[in-house]
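Fair warning: this is a prediction, and the values are worked out from it, not measured in the lab. By convention here, the first residue in the shown sequence is residue 1.
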Amino acid sequence: MSKSSKSLILAGTLLVAAPAQQAHATALEKARFLFHLGAAYYAFNTWVLRPYREYKFQAGAPGQRSAIVKAGLALAFSAYQVNSAVKLTRNTSDPFLQRIGSLLPGYQKSLTQVGNNLKNGRFDEQGIQNLNVSTNRLLNAAENQGQTIRPVAVPIPGL
(Lines give C-alpha, C1' and ligand atoms only; values in the text may rest on other atoms or scores of the structure.)
Protein backbone atom coordinates (compact mmCIF):
# COMPACT_ATOMS: atom_id res chain seq x y z
CA MET A 1 0.00 0.00 0.00
CA SER A 2 1.46 3.33 -1.00
CA LYS A 3 1.95 6.25 1.34
CA SER A 4 -0.63 8.37 -0.52
CA SER A 5 -3.33 5.68 -0.33
CA LYS A 6 -2.73 5.33 3.44
CA SER A 7 -3.16 9.09 3.76
CA LEU A 8 -6.39 8.96 1.75
CA ILE A 9 -7.76 6.18 3.95
CA LEU A 10 -6.81 8.09 7.11
CA ALA A 11 -8.37 11.32 5.79
CA GLY A 12 -11.55 9.48 4.78
CA THR A 13 -11.79 7.81 8.20
CA LEU A 14 -11.38 11.13 9.99
CA LEU A 15 -14.06 12.76 7.82
CA VAL A 16 -16.49 9.95 8.67
CA ALA A 17 -15.54 9.73 12.36
CA ALA A 18 -15.57 13.46 13.17
CA PRO A 19 -19.38 13.90 12.94
CA ALA A 20 -19.89 10.66 14.88
CA GLN A 21 -17.68 11.90 17.70
CA GLN A 22 -19.65 15.14 17.92
CA ALA A 23 -22.96 13.25 17.98
CA HIS A 24 -21.59 10.95 20.68
CA ALA A 25 -20.51 13.93 22.79
CA THR A 26 -23.98 15.46 22.45
CA ALA A 27 -25.63 12.20 23.51
CA LEU A 28 -23.34 12.02 26.54
CA GLU A 29 -24.06 15.65 27.40
CA LYS A 30 -27.80 14.99 27.17
CA ALA A 31 -27.55 11.90 29.35
CA ARG A 32 -25.59 13.76 32.03
CA PHE A 33 -28.00 16.70 31.84
CA LEU A 34 -31.04 14.44 32.22
CA PHE A 35 -29.36 12.57 35.09
CA HIS A 36 -28.75 15.81 37.03
CA LEU A 37 -32.31 17.03 36.51
CA GLY A 38 -33.70 13.58 37.32
CA ALA A 39 -31.79 13.52 40.61
CA ALA A 40 -33.03 17.02 41.45
CA TYR A 41 -36.62 16.03 40.61
CA TYR A 42 -36.39 12.87 42.74
CA ALA A 43 -35.15 14.80 45.79
CA PHE A 44 -37.82 17.48 45.36
CA ASN A 45 -40.61 14.97 44.82
CA THR A 46 -39.58 12.59 47.62
CA TRP A 47 -38.61 14.92 50.46
CA VAL A 48 -40.56 18.08 49.67
CA LEU A 49 -43.67 17.57 47.55
CA ARG A 50 -44.81 14.23 48.98
CA PRO A 51 -44.50 15.32 52.66
CA TYR A 52 -46.17 18.62 51.76
CA ARG A 53 -49.15 16.78 50.25
CA GLU A 54 -49.28 14.54 53.34
CA TYR A 55 -49.46 17.67 55.57
CA LYS A 56 -46.21 16.78 57.38
CA PHE A 57 -45.12 20.43 57.42
CA GLN A 58 -48.24 21.69 59.21
CA ALA A 59 -48.06 22.83 62.83
CA GLY A 60 -48.65 19.93 65.21
CA ALA A 61 -47.84 17.21 62.67
CA PRO A 62 -45.68 14.42 64.09
CA GLY A 63 -42.07 14.91 63.00
CA GLN A 64 -42.83 18.34 61.56
CA ARG A 65 -39.47 19.89 62.40
CA SER A 66 -37.58 16.88 61.02
CA ALA A 67 -39.62 16.90 57.79
CA ILE A 68 -38.96 20.62 57.27
CA VAL A 69 -35.19 20.26 57.79
CA LYS A 70 -35.05 17.20 55.48
CA ALA A 71 -36.94 19.16 52.84
CA GLY A 72 -34.45 22.01 53.16
CA LEU A 73 -31.51 19.64 52.71
CA ALA A 74 -33.22 17.97 49.75
CA LEU A 75 -33.77 21.36 48.10
CA ALA A 76 -30.11 22.26 48.65
CA PHE A 77 -29.18 18.99 46.94
CA SER A 78 -31.63 19.76 44.12
CA ALA A 79 -30.14 23.23 43.68
CA TYR A 80 -26.67 21.65 43.42
CA GLN A 81 -27.90 19.20 40.77
CA VAL A 82 -29.59 21.99 38.80
CA ASN A 83 -26.37 24.02 39.02
CA SER A 84 -24.49 21.05 37.53
CA ALA A 85 -27.06 20.90 34.71
CA VAL A 86 -26.67 24.65 34.09
CA LYS A 87 -22.90 24.22 33.76
CA LEU A 88 -23.46 21.55 31.11
CA THR A 89 -25.61 23.92 29.03
CA ARG A 90 -23.15 26.82 28.96
CA ASN A 91 -20.93 25.66 26.09
CA THR A 92 -23.17 23.26 24.24
CA SER A 93 -24.32 23.39 20.66
CA ASP A 94 -27.31 21.13 21.28
CA PRO A 95 -30.61 23.05 20.77
CA PHE A 96 -32.46 21.00 23.40
CA LEU A 97 -29.88 21.73 26.09
CA GLN A 98 -29.84 25.42 25.14
CA ARG A 99 -33.64 25.75 25.34
CA ILE A 100 -34.12 23.85 28.59
CA GLY A 101 -30.95 25.34 30.05
CA SER A 102 -32.36 28.83 29.62
CA LEU A 103 -35.15 27.93 32.08
CA LEU A 104 -32.81 26.67 34.80
CA PRO A 105 -31.16 29.74 36.41
CA GLY A 106 -34.46 31.11 37.77
CA TYR A 107 -35.51 27.64 38.88
CA GLN A 108 -32.21 27.15 40.70
CA LYS A 109 -32.65 30.48 42.51
CA SER A 110 -36.13 29.46 43.67
CA LEU A 111 -34.86 26.08 44.89
CA THR A 112 -32.11 27.76 46.89
CA GLN A 113 -34.42 30.37 48.41
CA VAL A 114 -37.13 27.92 49.52
CA GLY A 115 -34.46 25.42 50.62
CA ASN A 116 -32.75 27.98 52.84
CA ASN A 117 -36.07 28.85 54.47
CA LEU A 118 -36.80 25.20 55.15
CA LYS A 119 -33.28 24.43 56.43
CA ASN A 120 -33.76 27.25 58.93
CA GLY A 121 -37.08 25.75 60.04
CA ARG A 122 -39.35 28.27 58.26
CA PHE A 123 -42.16 26.65 56.30
CA ASP A 124 -42.82 28.49 53.02
CA GLU A 125 -46.06 27.07 51.61
CA GLN A 126 -46.31 29.52 48.71
CA GLY A 127 -42.68 28.88 47.78
CA ILE A 128 -43.29 25.11 47.62
CA GLN A 129 -46.39 25.61 45.48
CA ASN A 130 -44.44 27.90 43.12
CA LEU A 131 -41.63 25.34 42.92
CA ASN A 132 -44.15 22.67 41.99
CA VAL A 133 -45.52 24.84 39.18
CA SER A 134 -41.98 25.63 37.95
CA THR A 135 -41.01 21.95 38.11
CA ASN A 136 -44.04 20.95 36.05
CA ARG A 137 -43.28 23.70 33.53
CA LEU A 138 -39.70 22.44 33.20
CA LEU A 139 -40.80 18.79 32.86
CA ASN A 140 -43.39 19.71 30.23
CA ALA A 141 -40.89 21.81 28.26
CA ALA A 142 -38.46 18.88 28.18
CA GLU A 143 -41.25 16.48 27.18
CA ASN A 144 -42.31 18.81 24.34
CA GLN A 145 -38.69 18.71 23.10
CA GLY A 146 -38.81 14.92 23.03
CA GLN A 147 -36.82 14.27 26.23
CA THR A 148 -38.56 12.92 29.32
CA ILE A 149 -37.04 13.75 32.68
CA ARG A 150 -37.59 10.85 35.05
CA PRO A 151 -36.78 10.73 38.77
CA VAL A 152 -33.34 9.28 39.44
CA ALA A 153 -33.01 7.81 42.94
CA VAL A 154 -29.74 9.11 44.36
CA PRO A 155 -28.96 8.60 48.06
CA ILE A 156 -28.54 11.90 49.88
CA PRO A 157 -26.24 11.60 52.90
CA GLY A 158 -28.18 12.10 56.12
CA LEU A 159 -31.65 11.58 54.64
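- Put simply, the side chain of Leu88 does not reach to within 4.5 Å of the side chain of Leu97, judged on heavy atoms.
- Annotation: the span from Leu103 atom CG to Arg99 atom CZ amounts to 11.0 Å, rounded to 0.5 Å.
- Contact detail for Pro51 and Thr46: the closest heavy-atom pair is CD-O, 3.3 Å.
- Counting heavy atoms from C-beta on, the side chains of Thr112 and Leu75 never come closer than 4.5 Å.
- Taking CD from Gln145 and CG from Asn140, the interatomic distance works out to 12.0 Å, rounded to the nearest 0.5 Å.
- The minimum heavy-atom distance between Ala74 and Val48, with the atom names listed, is CB-CG2, 4.4 Å.
- Ser78 and Ala43 make their closest contact through OG-CB, 3.5 Å (heavy atoms, listed as atom of the first residue, atom of the second, distance).
- Proximity of Thr92 to Phe33: side-chain heavy atoms (C-beta onward) are nowhere separated by under 4.5 Å.
- Other residues, nucleotides and ligands contribute at most 12 non-hydrogen atoms within 6.0 Å of the CZ atom of Arg150.
- Counting only heavy atoms from C-beta outward, the side chains of Leu34 and Val152 never approach each other to under 4.5 Å.
- Looking only at side-chain heavy atoms (C-beta outward), Phe57 and Ile128 come within less than 4.5 Å of each other.
- Around atom OH of Tyr80, no more than 12 heavy atoms belonging to other residues, nucleotides or ligands sit under 6.0 Å away.
- To the nearest 0.5 angstrom, Asn91 atom CG is 10.0 Å from Gln98 atom CD.
- Identified under the salt bridge (Lys or Arg N to Asp or Glu O under 4.0 Å) test for residues 89-98, with sequence neighbours left out: Lys30-Asp94.
- Listed by first then second residue, pairs satisfying salt bridge (Lys or Arg N to Asp or Glu O under 4.0 Å) with a partner in residues 43-67 read Glu54-Lys56, not counting sequence neighbours.
- Residues Phe77 and Trp47 fail the side-chain proximity criterion, which asks for heavy atoms closer than 4.5 Å.
- Here the straight-line distance linking atom CZ of Arg137 with atom CG of Asn132 works out to 10.5 Å at 0.5 Å rounding.
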Test Gln81 against Tyr41 for side-chain hydrogen bond (donor to acceptor under 3.5 Å, both in side chains), laying out the working first. CA-CA 9 Å; Gln81 292 297 324; Tyr41 177 60; over 6 Å; no
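- Atom CD of Gln113 has 12 or fewer heavy atoms from other residues, nucleotides or ligands within 6.0 Å.
- At distances below 3.5 Å, at least one donor-acceptor pair connects side-chain atoms of Thr89 with backbone N or O atoms of Val86.
- Sorted by first then second residue, the ring pair (Phe, Tyr, Trp, His ring centres under 6.0 Å) pairs that include residues 99-119, not counting sequence neighbours, number zero.
- The number of heavy-atom neighbours closer than 6.0 Å to CG of Asn136, taken from other residues, nucleotides and ligands shown, is above 12.
- Note: Ser93 OG to Glu29 CD = 6.5 Å, rounded to the nearest 0.5 Å.
- Taking CG from Leu111 and OG1 from Thr135, the interatomic distance works out to 6.5 Å, rounded to the nearest 0.5 Å.
- By the 4.5 Å heavy-atom criterion applied to side chains, Leu104 and Leu37 are counted as neighbours.
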